Amino acid sequence: MTVRTRFAPSPTGFLHIGGARTALFCWLEARHRGGEFILRIEDTDRERSTQDAVQAILDGMNWLGLDHDEGPFYQTLRMDRYKQVVENLLKAGKAYYAYESKEEIDVMRAEAMEKGLKPRYNGYYRDRDEGFRDDPNRVIRFKNPASGSVVFDDKVKGRIEFSNDELDDLVLFRSDGFPTYNFAVVVDDIDMNISEVIRGDDHVNNTPRQINVYNALGATVPTFAHLPMILGPDGQKLSKRHGAVGVMQYRDDGFLPHAVLNYLVRLGWSHGDQEIFSREQMIELFDIGNANRAPSRFDVEKLSWLNQQYIKSDDPLELVPHFIWQLRAAGIDPEQGPEPVDVIVALRERAQTLKEMAEKARVWYAPLENYDEAAVTKHLKSATALPALQAVHEHLGASLEWTVESVHEAITAAAAAIEQGMGKVAQPLRVAITGTQVSPSIDHTVFLTGRDEALRRIEAAIKLAGG
RNA sequence: GCUCCCUUCGUAUAGUGGCCCUGGACACCGCCCUCUCAUGGCGGUAACACGAGUUCGAACCUCGUAGGGAGCGCCA
């Protein structure tokens, strides 16, 4: 039997980190085992579901490259099917109508709590068999087995057993005529031939009741794998407060999709000591059975490190479109300066994110207006600054070519001419070009500025140095 | 309250009874390299929640305790 997994988000917001990790694991399991990955939108909650959220989820999946083989399927388009299935259950005596109001149910729960029991429905209409009646409180409930227990072998958590007397008769159809989540998922997973249900472990407690529904429907029960939650850095539930919003925010913040994927795959899963996984390696090595049981915390530091690993090792040409996107987002015109690929080469070891890289690149795309005061004092007012700048200006101006190498030679020659070390020339020059004491290696820094602009900036610095 | 789940350095993890007075990684600290900043290299600080038991031997098995989490909806 072919492996079929699904990712089934409800469209009530963007695709967040936890959802993305679940989607990744589902996708990986399908790809690893040569199966299919299905996308389903669980939109039975008409109040909270929105088309924008559907699009946000699709965008997020697309950005991460988690392609699905079937879908997206929408539950709201399958209403007739749910009705048909529940009718069959009713006819078979495996479900029944119940007429308590929500208030009555609340009282029931409160009473059970008081007795130290689990709050649950007491099964008043279960064997009364009053049949259909036109009543605004009418719901359809499932006749859960009264005795015995449900056992399943969770691929992540191991064997889990629930006693049936812990479970009450869950509502299959609400009084508004819509199916409940617990019913719709089961019908969908059966109809879509899902063989492995991989989802967050907040669903562990729903699993036994769902298994009972599978059995009542005479369907094969799929295997389950419940993934632990991803928490914020403080160990609390991940929230907007942590800045961890939709995955698209990570693009905006300058992260590469494969870096995010790599980070996510290592959250709760590992393969020995390996940290870097290409997409192909993930697919080859992934095994849901190795997933961890304990919840994990989201750590931006590690993500940043991974991101830089990829910035460093990726072909700079492939980073160009991403980088240009970031330049524009930072209000920088990529046309007004050096070739982006040259900038990437100069900055790839100095930026953890592309956003940071764009910020650092600003100096080559806009006129130099501000000088750092401390930098000027330290490197332009020093005794050797003036002769150093003059020598560099001369050698740079005389240089025939304009390449990183020729610039490097010119600077070396200037240093030799005034009998000073590299540092005595590079630092004043760096301040002259960038207005600061920090930049990539001086030859790249000067090269990227362009000959004319570089000479202009050096002239300005010579004036500042008192020349 | 009840049910279920979880617990190795700050973080993510390796470890499946002897190879572990726990290994590599991120972060942190120090040194080296060096035109600054980075990158890179080298080194360092730092953990088996606690208590019993099983065993010749336990991070690994069992039980208990503590702490944390989830669920208990006509939400998904």
Side-chain angles (χ1 to χ4, degrees), chain A residues 8-12 42-45 47-49 75 98 100-102 105-106 109 112-121 137-141 154 156-158 160-163 166-168 170-182 184-185 199-208 226 228-229 231 233 235-237 263 266-276 292-306 308 312 347-352 360 375 379 411 415 421-431 434 436-443 445:
Chain A
S10 58
T12 53
E42 313 224 316
D43 54 353
T44 50
D45 185 350
E47 307 266 304
R48 300 193 301 150
S49 299
Q75 290 189 320
E100 286 88 357
S101 67
K102 290 179 186 178
I105 299 286
D106 287 343
R109 284 189 230 283
M113 276 278 235
E114 262 176 50
K115 290 185 205 150
L117 298 171
K118 225 173 173 172
R120 41 180 291 176
Y121 175 61
N137 287 328
R138 185 187 67 248
V139 298
I140 301 174
R141 283 184 183 270
D154 193 281
V156 174
K157 309 248 180 198
I160 298 177
E161 177 169 3
F162 280 86
S163 174
E166 291 297 329
L167 277 24
D168 64 358
L170 78 160
V171 171
L172 263 23
F173 258 73
R174 304 185 225 149
S175 54
D176 65 3
F178 283 93
T180 58
Y181 163 79
N182 274 306
V185 246
R199 70 219 317 189
D201 70 359
D202 46 335
H203 289 290
V204 169
N205 293 283
N206 285 325
T207 305
H226 288 100
M229 294 188 64
L231 308 170
Q236 296 301 114
K237 211 167 186 167
Y263 177 70
R266 283 285 290 105
L267 216 50
W269 177 81
S270 62
H271 179 73
D273 285 336
Q274 189 171 343
E275 297 286 356
I276 308 287
N292 248 296
R293 290 199 264 250
S296 48
R297 301 185 191 200
F298 188 82
D299 179 18
V300 191
E301 298 290 342
K302 185 79 176 271
L303 206 210
S304 299
W305 176 78
L306 272 168
Q308 181 167 35
K312 274 165 51 186
L347 286 171
R348 62 203 304 212
E349 289 181 353
R350 295 174 169 78
Q352 292 203 307
K360 287 186 199 289
H379 298 294
I411 296 169
M422 199 51 170
K424 292 290 188 200
V425 178
Q427 279 308 80
L429 182 52
R430 176 166 279 117
V431 177
T434 70
T436 72
Q437 303 183 63
V438 176
S439 85
S441 63
I442 195 64
D443 45 7
T445 301

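A note on names: the letters A, B, ... follow the listed sequences, proteins ahead of strands, and every chain is numbered from 1. Keep in mind that what you see is a predicted model, and the values were worked out from it rather than measured.
- Taking atom OH of residue Y121(A) and atom C1' of nucleotide C2(B), one finds them 21 Å apart after rounding to whole Å.
- C61(B) and G53(B) make up a base pair, with Watson-Crick or G-U wobble contacts both under 3.5 Å.
- Side-chain contact between M229(A) and D202(A) is absent, with no heavy atoms from C-beta onward closer than 4.5 Å.
- Every residue was checked against the side chain to side chain donor-acceptor pair (under 3.5 Å) condition with N205(A), not counting sequence neighbours, and none meets it.
- Computed from coordinates, the D299(A) CG to G10(B) C1' distance equals 9 Å when rounded to whole Å.
- With contacts defined as side-chain heavy-atom distances shorter than 4.5 Å, the pair V139(A)/E100(A) does not qualify.
- Residues T44(A) and P179(A) are in side-chain contact: their nearest non-hydrogen atoms beyond the backbone lie under 4.5 Å apart.
- Panel note: side chain Q437(A), backbone V431(A); no donor-acceptor pair is recorded below 3.5 Å.
- Residue contacts for V171(A): at a heavy-atom cut-off of 4.0 Å it reaches the sugar-phosphate backbone alone, with no base atom in range.
- When heavy atoms are screened at a 4.0 angstrom cut-off, R48(A) is found touching base atoms of the nucleic acid.
- A search for ring-ring contact (aromatic ring centres under 6.0 Å, His included) contacts involving Y181(A) returns H203(A), not counting sequence neighbours.
- When the P atom of C75(B) is taken as reference, atom CD of E47(A) falls 9 Å away, rounded to whole Å.
- Residue F178(A) contributes atom CZ, which lies 12 Å from atom C1' of C74(B) at whole-angstrom precision.
- Remark: side-chain polar atoms of N206(A) are not paired, donor with acceptor, to backbone N or O of N182(A) under 3.5 angstrom.
- Few gaps surround CD on E161(A); more than 12 heavy atoms of other groups in view lie less than 6.0 Å from it.
- Between D201(A) and the options K157(A), R293(A), H226(A), a side-chain hydrogen bond (donor to acceptor under 3.5 Å, both in side chains) holds for only K157(A).
- When Watson-Crick and G-U wobble pairs are counted only if both distances are under 3.5 Å, G40(B) pairs with C32(B).
- Atom CZ in F298(A) sits about 21 Å away from atom P in G10(B), given to the nearest Å.
- In this structure, N137(A) reaches the bases: a heavy-atom distance under 4.0 Å links it to at least one base atom across the strands shown.
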B/S/- along nucleotides 34-39 of chain B (protein heavy atoms under 4.0 Å) is -BBBBS
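- Under the 3.5 Å distance criterion, the side-chain polar atoms of R199(A) are left unmatched by any main-chain donor or acceptor of V204(A).
- Mapping S101(A) and G158(A) onto RNA chain B via the closest heavy atom, the residue that lands nearer the 5' end is G158(A).
- Positionally, the nearest nucleotide of RNA chain B for E301(A) lies more toward the 5' end than for the other of R138(A) and E301(A).
- One N or O on the side chain of Y263(A) and one on the backbone of D299(A) form a donor-acceptor pair closer than 3.5 Å.
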Each nucleotide N or O in nucleotides 23-25 of chain B that has a protein N or O under 3.5 Å away: list the pair and distance.
| unit_1 | atom_1 | unit_2 | atom_2 | d |
| --- | --- | --- | --- | --- |
| G23(B) | N2 | D273(A) | OD1 | 2.4 |
| G24(B) | N2 | E275(A) | OE2 | 3.0 |

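- The CG atom of L231(A) lies 8.0 Å from the CD atom of Q236(A); values are rounded to the nearest 0.5 Å.
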Distances for protein N or O near nucleotides 69-72 of chain B N or O, under 3.5 Å:
| unit_1 | atom_1 | unit_2 | atom_2 | d |
| --- | --- | --- | --- | --- |
| G71(B) | O4' | N205(A) | ND2 | 3.3 |
| C72(B) | O2' | P119(A) | O | 3.0 |

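- Across U7(B), U13(B), A76(B), the shortest atom-to-atom separation from the side chain of A294(A) is found for U7(B).
- In this model, the phosphate group of A27(B) is not approached by any side-chain N or O of R297(A) to a distance below 4.0 Å at OP1 or OP2.
- F173(A) comes within 4.0 angstrom of no nucleic acid atom, judged by non-hydrogen atoms across all strands.
- S163(A) comes within 4.0 angstrom of no nucleic acid atom, judged by non-hydrogen atoms across all strands.
- Here the C1' atom of nucleotide G73(B) and the CG atom of L167(A) are 15 Å apart, to the nearest Å.
- Residues R266(A) and S296(A) bring no donor and acceptor atom of their side chains to less than 3.5 Å of each other.
- Pair assignment for C9(B): none, as no Watson-Crick or G-U wobble contacts are both less than 3.5 Å.
- Across every strand in view, G73(B) sits unpaired, with no contact that passes the Watson-Crick or G-U test at under 3.5 angstrom.
- By the 4.5 Å heavy-atom criterion applied to side chains, L167(A) and P208(A) are counted as neighbours.
- As judged by a 4.0 angstrom heavy-atom cut-off over every strand, S175(A) is placed among the base-contacting residues.
- The residue K102(A) sits close to a base: some heavy atom pair falls under 4.0 Å.
- Protein atom CG of L306(A) is 13 Å distant from nucleotide atom C1' of U13(B), rounded to whole Å.
- Rounded to whole Å, atom P of G73(B) lies 15 Å from atom CG of L172(A).
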Are there any protein N/O atoms within less than 3.5 Å of an N/O atom in nucleotides 30-33 of chain B, and if so, which ones and at what distance?
none

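- Note that the CZ atom of R350(A) and the OG atom of S439(A) stand 7.5 Å from one another [nearest 0.5 Å].
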